[in-house]
Amino acid sequence: MFDDANDEPETGWGHVASHDDAPAVIDTLLRLDPETTYTKTELSDEAGVALKSLYLDGTLDHLVEMGFLEKHADEGEEALFSVDTGTDVFEAAVAFDDAVAAQLDE
């Protein structure tokens, strides 16, 4: 009935939950300027998540795969990230955020 802990998540929420710091980063991405690029360190600072944690568990790469972030890198330079506002998953996150805010305001 329930997935084995080693199985690939079957739901979108499962993918988010598979990385402990993903919710804090997603929350931050909803507020960042999508026209600006950010280093791993800047994203770590903005989200209040240890850089080591983001790096070791692959949270940022996972968020790129899911469609929350776009990764930019020139050969030999540090990777930069921007908020990928043009994806269905980002738009769904904004809609969820708005729906929760409206529900809590009732």
Side-chain angles (χ1 to χ4, degrees):
M1 178 171 168
F2 293 103
D3 291 343
D4 186 336
N6 295 325
D7 288 346
E8 188 71 21
E10 293 183 11
T11 66
W13 288 113
H15 280 280
V16 171
S18 70
H19 288 78
D20 291 340
D21 296 315
V25 177
I26 292 168
D27 181 53
T28 299
L29 297 178
L30 294 173
R31 295 185 308 273
L32 291 180
D33 179 359
E35 300 298 318
T36 302
T37 56
Y38 302 90
T39 64
K40 289 180 182 180
T41 301
E42 290 169 330
L43 289 173
S44 167
D45 290 345
E46 290 288 334
V49 174
L51 177 61
K52 184 176 180 181
S53 174
L54 291 180
Y55 180 74
L56 291 178
D57 75 1
T59 298
L60 297 181
D61 287 333
H62 192 65
L63 293 175
V64 169
E65 290 173 25
M66 287 193 295
F68 286 103
L69 284 171
E70 188 172 350
K71 188 175 185 177
H72 313 275
D74 291 328
E75 198 169 313
E77 294 186 20
E78 180 178 11
L80 297 173
F81 298 87
S82 61
V83 180
D84 197 350
T85 60
T87 65
D88 289 342
V89 74
F90 185 82
E91 291 174 10
V94 170
F96 177 79
D97 190 52
D98 292 346
V100 170
Q103 181 68 31
L104 294 176
D105 283 343
E106 289 183 0

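In this text the structure is predicted, and so the values were computed from the model without any measurement.
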Undergrad: With side-chain contact (heavy atoms from CB on, under 4.5 Å) as the test, pick out the partner of E91 among T87, D88, V89, V94.
TA: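 Only match with E91 under side-chain contact (heavy atoms from CB on, under 4.5 Å): D88.
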Undergrad: Would L63 and W13 show up in the same hydrophobic cluster when neighbours are defined by side-chain heavy atoms closer than 4.5 Å?
TA: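 No; tracing contacts between hydrophobic side chains, which count when under 4.5 Å, never links both residues.
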Undergrad: Tell me the salt bridge (Lys or Arg N to Asp or Glu O under 4.0 Å) pairs involving residues 40-66, sequence neighbours left out?
TA: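 Every pair satisfying salt bridge (Lys or Arg N to Asp or Glu O under 4.0 Å) with a residue in residues 40-66: D61-K71.
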Undergrad: Are L51 and V64 linked, directly or through intermediate hydrophobic residues, by side-chain heavy-atom contacts shorter than 4.5 Å (ILVMFWY only)?
TA: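 No, V64 and L51 fall in different hydrophobic clusters.
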Undergrad: Less than 4.5 Å apart, side chain to side chain, heavy atoms only: is that true for Y38 and L80?
TA: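 No, side chains not in contact.
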Undergrad: Among side-chain atoms of T59 and D21, is any donor-acceptor pair under 3.5 angstrom?
TA: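 There is no such pair between these side chains.
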Undergrad: Any link between L56 and V25 through a network of hydrophobic side chains (Ile, Leu, Val, Met, Phe, Trp, Tyr) touching at under 4.5 Å?
TA: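 No, because L56 and V25 fall into different hydrophobic clusters, even though each may have its own neighbours under 4.5 Å.
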Undergrad: For a side chain to side chain contact (heavy atoms under 4.5 Å, CB included) check, start with the C-alpha distance between L69 and D84, then their side-chain angles and the critical distance, and finish with the verdict.
TA: CA-CA 5 Å; L69 284 171; D84 197 350; 5.7 Å; no
Undergrad: To the closest 0.5 Å, what do you measure between CG (L43) and OG1 (T37)?
TA: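 The CG atom of L43 sits 9.5 Å away from the OG1 atom of T37.
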Undergrad: Run the side chain to side chain contact (heavy atoms under 4.5 Å, CB included) test on L30 and F90 for me, step by step, so that the C-alpha distance in whole Å, both residues' side-chain angles and the decisive distance to 0.1 Å come before the verdict.
TA: CA-CA 8 Å; L30 294 173; F90 185 82; 3.9 Å; yes
Undergrad: Distance check, rounded to the nearest 0.5 Å: T85 atom OG1 versus E35 atom CD?
TA: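 These two atoms lie 7.5 Å from each other.
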Undergrad: Between P23 and V16, is any pair of side-chain heavy atoms under 4.5 Å apart?
TA: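 With C-beta onward as the side chain, the pair touches.
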Undergrad: Nearest heavy-atom pair of S44 and A50: which atoms, and what distance?
TA: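 Here S44 and A50 meet closest at OG-C, 3.6 Å.
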Undergrad: Could you tell me the separation between the CG atom of D97 and the CG atom of D27, rounded to the nearest 0.5 Å?
TA: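 So the gap between those two atoms works out to 7.0 Å.
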Undergrad: Measure the spacing between CZ of F81 and CZ of F68 and express it to the nearest 0.5 Å.
TA: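 Answer rounded to 0.5 Å: 15.0 Å.
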Undergrad: As an exercise, state the distance from CG of D20 to OG of S53, rounded to the nearest 0.5 Å.
TA: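 Reported to 0.5 Å precision, the distance equals 7.0 Å.
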